[in-house]
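Worksheet: the structure to be examined is printed underneath.
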Amino acid sequence: MAKKSEKTLVIVESPAKSKTIKKILGDNYQIEASYGHIRNLPTKDPKTDNLGFDVNNNFEPKFEIIPNKKDVVKKLNDLSKKFDNILIASDPDREGEAIAWHVRQILTVPDEKIKRIEFNEITPKAVKYSVEHPREINMDMVQAQQTRQILDKLVGYKLSPVLWKQMGNYNLSAGRVQSVALRMICEREDEIEAFIPQEYWSIHAELSKEGKIFEAELSKYKNKAIEKTIKNEEQARKIVEELKSSEFNVSKITNKTTKRKPTAPFITSTLQRAASSKLGFGVQKTMQVAQKLYEGIELESGAVGLITYMRTDSVRVSDDAMAMAKDFILNNYGEKYYPEKANIYVKGKQNVQDAHEAIRPSYPDKTPESIKQYLDNDQYRLYKLIWEKFMSSQMANAEIANKTIDISAGDYTLKAGTSKTIFDGFLKLYNDSEDEQEAEKEAKIPDLNEGDKVDCNKISPKQHFTQPPPRYNEASLVKALEEHGIGRPSTYATIITVIQTRKYVEKKDKALHPTILGRAVSKQLVEQFSDIMDYKFTAGMEEKLDKIAEKKAVWNKVLKEFYDPFMEEVQSVMKTAHKINIETNIKCPKCGKPMLVKNGKNGSQFLGCSGYPECKSIMSINVLTEQDAQDEQEQESEVSQEKCEKCGSEMIFKNGPYGKYLQCKNEECKHRKPYHKSTGVTCPKCGQGEIVFKKSKKGTVFFGCNRYPDCDYVSWYEPVKEKCPNCGSMLVKKITKNAKKLECTNKECAFTKEMEEEE
C-alpha cells in the first residue's frame, strides 16, 4: 500500500469497477478508467501496406490512439502528473496486459512512477495484496497479444478481398478463427443433409410379479448384444412370436453402488454451456451478465465484486476460497457433506494460465438468496448457477445404488434397471446430468430374486430410425471449439456473434443454421485456403501464441513462418479468382431456371434469375427460409408530401419486403427511394448523416445512418440529442417494463439516468 502522504492513481479498464475498488483502497487512491483499449493498429497506413505493421522490419507494429479515446488519453496524462504513484490495474489476461502496456506508452511520466497490478477477484484481500506486490508489465504476454492481433488482421485483410472479388459483395469478411467456426457449422449441415436414416426396432415387454408391473427391454440373443440389429418389422414380429411362447425367469440380479464425483467449478466455456442449457442464455449475454457480477454490484454495504474474473481456462481454486467453502459446508450441511480430503481439480491442457482461478463466488458465504434483492433476474440466476456449481465442487461424492435385472426368455435376454440416490452429497446443490428423474424408476420394479418367474402381460415392438447429428447450438459450438483447441475463453462470444452478424449463420430454435451465403463463403475458403481453414493448423497457431507468452517462442519469427507461405497462397488465388454465382434450389417463377443470390447496391441481398438478362425476375431473399416461395406483393399506400427528385411528380408510399419506400407516381419515371423518418440526431460514426428510423426484414424497428451504404452505423435504440455528461458520447433511450432511462452508447461508460416524461 502507498504511504499515507502519497497519492496514487489507479487506472482500470472499466469505470464500473471504480466504486468497488475505491471502497477498498480509500481516499489516497483515485480510480480512473481507460475504457478498454486506447490504441490500435491504424486503419490505413501506406508505408505499411495498409496493415499497420511493417512486414519488412520484423513486423514492427505502428500503433495510434483510437480517435474517440483522445480525450481519455489527455485526461489520464494530465492526472498522472499530479500523483506520486500510478498503478495500472487492467484485466488479468493477455488483452489486459496489452492495454496496460499501451497506457504506459501514452503516459509522459517517469518509468519509476508506474507499476502493473492484477487481481482475479475484486475483494479487499486480493486488491490490497496486488497493491502491495506491484510488478513490471509482462512483455511476453504483450507480444503474444500483438502477434494474435497482427495474425487476425493479416488473415482478415488478405482473405476478405478474395471473397469480394469472387462474390461481388463488399460486406463479406474472413477471419482466422471465425471462418473455422463457420466451417464447423457448415460441415455439420453437410453431415445432416447426407445422412440416410436407418430403420431399426426395439422390443419391450410389460412384465409383472404379484401384480406389480414393470418394463424390460430386449438386450441379447444367445448372449450377443442385439441393440439396433433388428432391421425391419418382419424380424421384429418373428422375435415377438418367439417371446410369446417363452417362459420369463429372473436369471441375474446385479447390485452395485457407485460414487459420483462432483465436477470442477466453471471455466469460461463450461459456464457458457451451462448458462445456455440451464438458463437459456446466449454466450454473449452470459459474458455481459458475468462482467457486471465481477466488476461490482451495489449491496447495502456498497459496491461488491461478487465473482472472480470470468475469462479463464483454469480450474484452480485458491486455498482461501477452499477454506471458506469448507466452513460454509460444515456449518450449513454437516460433516458428511464435506469430503475426507479437499477436492482439488487439475486441467490437463498445456495452455491453461494457472495463475488464474476458476470462476467462483468471491464471497462463498454470500448465498444467492441473501443478496437476491440487490440483483436483477438475470444476475441472480447466473450468480446462483456459479455459486451452486462452486460450492458443489467442494462437497462430498454422491452415492448411487444401481440395480440391473436380467430376465431370460428362451435364447433371449431382457434387461430392466433402476438407480436410486442413497446419499445426495454434492447433488444437494448442483446436478450436471440432463436426466434428473432416474430415481423414479425404483418404485416401478418389484422386489425380485434370481430364479423368480415373472408374468409377461404384453410385448411391444417399436420402430425407430437413426438420427443425424444435431446442429450446433451456441453451447455445443463452444464445446467443439474448445475440444479442437480453437480460440480462447475471451473469444468465443465474439466469434459466435460475428458469424451471425455477417449473416453467415442464423439461429432458429437455439440451433445454428448456416445460410446459403455462409455455406458459399465457407466452401470457397476451404477449397482455396486449406491450411488456414484446417482445425489442427488453427489450434497449432493458438499453441504458438501460448508459447510466446511463456517465453518459449519469438513473436516475429512465428509471424514470419506464417506470412511467407500464406501470402504466396493468397497471391496465387487472386491471380485465378473469378466471379462465382451462389445458386439456390429456388426455381424462377417465370422461366424455371435456378435463382441466384445477388447483391444490391446498398449491401442488401435478393434472388435474381440465372437467365438474366433474358429473364429479369427477382425475388426477396426471404424466400430461402420460407416454406412456400411466393412473390413479394407490394401494396400501394397514401400519397406522401415529397416530390420526385427527377420529374417533380408526387411520390407515393409503397410496402416492399424491406419496409416502406417512396416511388414516383409517374408511370414513365417510377423513381424510388427509401423512406426513413429522421430522429434529428447526427450520426456518431461519420458525423455527416442523420440517424433515421429503419425497419428490418422481419419488421423490427432499428436506427441507422441515412448515408448508408457510405456509413454503416446501426443501433436498436433510439438516440436523443443530449450528450453523455461523462464522456460526450451519444445517449439512447432504453425502455423496459420496469424502467425508462437514457444510457450512454460508450460500452465502457456506466452513465445512465431516468427519463423525464417529455423525453
Side-chain angles (χ1 to χ4, degrees), residues 13-19 32-38 66-75 282 284-285 288-289 291-292 295-298 303 376-379 497 501 602-603 640-642 653 658-662 673-759:
E13 283 186 40
S14 167
K17 299 178 189 175
S18 301
K19 284 185 182 179
E32 292 293 334
S34 70
Y35 297 92
H37 281 277
I38 57 170
I66 299 168
N68 65 358
K69 293 295 182 69
K70 289 181 178 178
D71 290 342
V72 174
V73 169
K74 184 178 185 306
K75 182 179 180 181
Q284 191 171 35
K285 179 177 180 177
Q288 288 171 345
V289 176
Q291 182 90 30
K292 291 177 182 177
E295 291 179 341
I297 299 291
E298 284 289 340
D376 65 30
N377 188 48
D378 289 341
Q379 291 167 351
T497 300
T501 303
N602 62 351
S640 79
Q641 296 180 350
E642 291 192 44
F653 287 106
Y658 303 99
K660 275 189 176 182
Y661 63 92
L662 294 170
K673 59 181 282 190
Y675 170 74
H676 299 304
K677 179 183 173 184
S678 177
T679 63
V681 177
T682 302
C683 175
K685 187 168 186 178
C686 68
Q688 300 176 42
E690 283 189 346
I691 305 300
V692 295
F693 289 76
K694 293 190 175 185
K695 190 175 285 189
S696 72
K697 289 179 280 186
K698 294 182 178 179
T700 307
V701 173
F702 67 102
F703 302 86
C705 182
N706 65 356
R707 293 184 64 248
Y708 184 86
D710 295 325
C711 176
D712 61 0
Y713 174 82
V714 290
S715 171
W716 289 115
Y717 303 106
E718 182 179 353
V720 297
K721 294 181 180 179
E722 181 182 349
K723 298 289 185 183
C724 175
N726 287 355
C727 67
S729 299
M730 186 174 73
L731 296 178
V732 294
K733 297 179 182 179
K734 285 203 174 178
I735 301 173
T736 64
K737 291 180 180 178
N738 302 321
K740 296 180 179 180
K741 59 184 180 180
L742 295 180
E743 187 168 304
C744 182
T745 52
N746 182 347
K747 292 181 180 179
E748 305 296 334
C749 179
F751 176 79
T752 62
K753 80 166 188 174
E754 295 297 318
M755 286 173 58
E756 298 174 3
E757 285 303 313
E758 288 184 359
E759 292 172 336

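Note that this is a predicted model, so its numbers are computed, not measured.
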Next on the checklist: Quick one, Glu748 with Lys69, criterion salt bridge (Lys or Arg N to Asp or Glu O under 4.0 Å). Give me CA distance, side-chain angles, the key distance, then yes/no.
Outcome noted: CA-CA 11 Å; Glu748 305 296 334; Lys69 293 295 182 69; over 6 Å; no

Next on the checklist: Name the residue from Glu743, Glu718, Lys741 that meets the side chain to side chain contact (heavy atoms under 4.5 Å, CB included) definition with Lys733.
Outcome noted: Glu718

Checklist entry - Of all heavy-atom pairs between Lys723 and Gly728, which one has the smallest distance, and what is that distance? => result CD-O, 3.7 Å

Checklist entry - Does any non-hydrogen side-chain atom of Thr682 lie less than 4.5 Å from one of Met730? => result no

Checklist outcome for this item: Here the pair of heavy atoms bringing Pro719 nearest to Thr679 is CG-OG1, 3.9 Å

Next on the checklist: Rounded to the nearest 0.5 Å, what separates atom CD in Glu722 from atom CG in Leu742?
Outcome noted: 6.0 Å

Next on the checklist: Quick check on Asn377: does its CG atom have over 12 non-hydrogen neighbours (other residues, nucleotides or ligands) under 6.0 Å away?
Outcome noted: yes

Checklist outcome for this item: Of all heavy-atom pairs linking Pro15 and Ala750, the shortest is CG-N, 4.0 Å

Next on the checklist: Counting C-beta onward and ignoring hydrogens, is there a side-chain heavy-atom pair between Phe703 and Phe693 closer than 4.5 Å?
Outcome noted: yes

Checklist outcome for this item: Of all heavy-atom pairs linking Val289 and Gln379, the shortest is CG1-CA, 3.7 Å

Next on the checklist: Suppose we screen for ring pair (Phe, Tyr, Trp, His ring centres under 6.0 Å). Which residues come up paired with Tyr713, at least two apart in sequence or across chains?
Outcome noted: none

Next on the checklist: What's the separation between atom OG in Ser18 and atom CD in Glu295, rounded to the nearest 0.5 Å?
Outcome noted: 9.0 Å

Checklist entry - What distance do Lys685 atom NZ and Ser715 atom OG have between them, rounded to the nearest 0.5 Å? => result 12.5 Å

Item to check | Nearest heavy atoms of Ser729 and Asn746, plus distance in Å | outcome: OG-CB, 3.6 Å

Item to check | From CA spacing to verdict: side-chain contact (heavy atoms from CB on, under 4.5 Å), Leu731, Cys744 | outcome: CA-CA 5 Å; Leu731 296 178; Cys744 182; 4.0 Å; yes

Checklist entry - Which residues satisfy the side chain to side chain donor-acceptor pair (under 3.5 Å) test with Lys292, sequence neighbours excluded? => result none

Checklist entry - Picking from Ile691, Asn68, Thr745, what satisfies side chain to side chain contact (heavy atoms under 4.5 Å, CB included) with Pro684? => result Ile691

Next on the checklist: If you define the side chain from C-beta out and look only at heavy atoms, does anything of Cys724 sit under 4.5 Å from Cys749?
Outcome noted: yes

Checklist entry - About how many Å separate CD1 of Ile66 and OH of Tyr35, when rounded to the nearest 0.5 Å? => result 14.5 Å

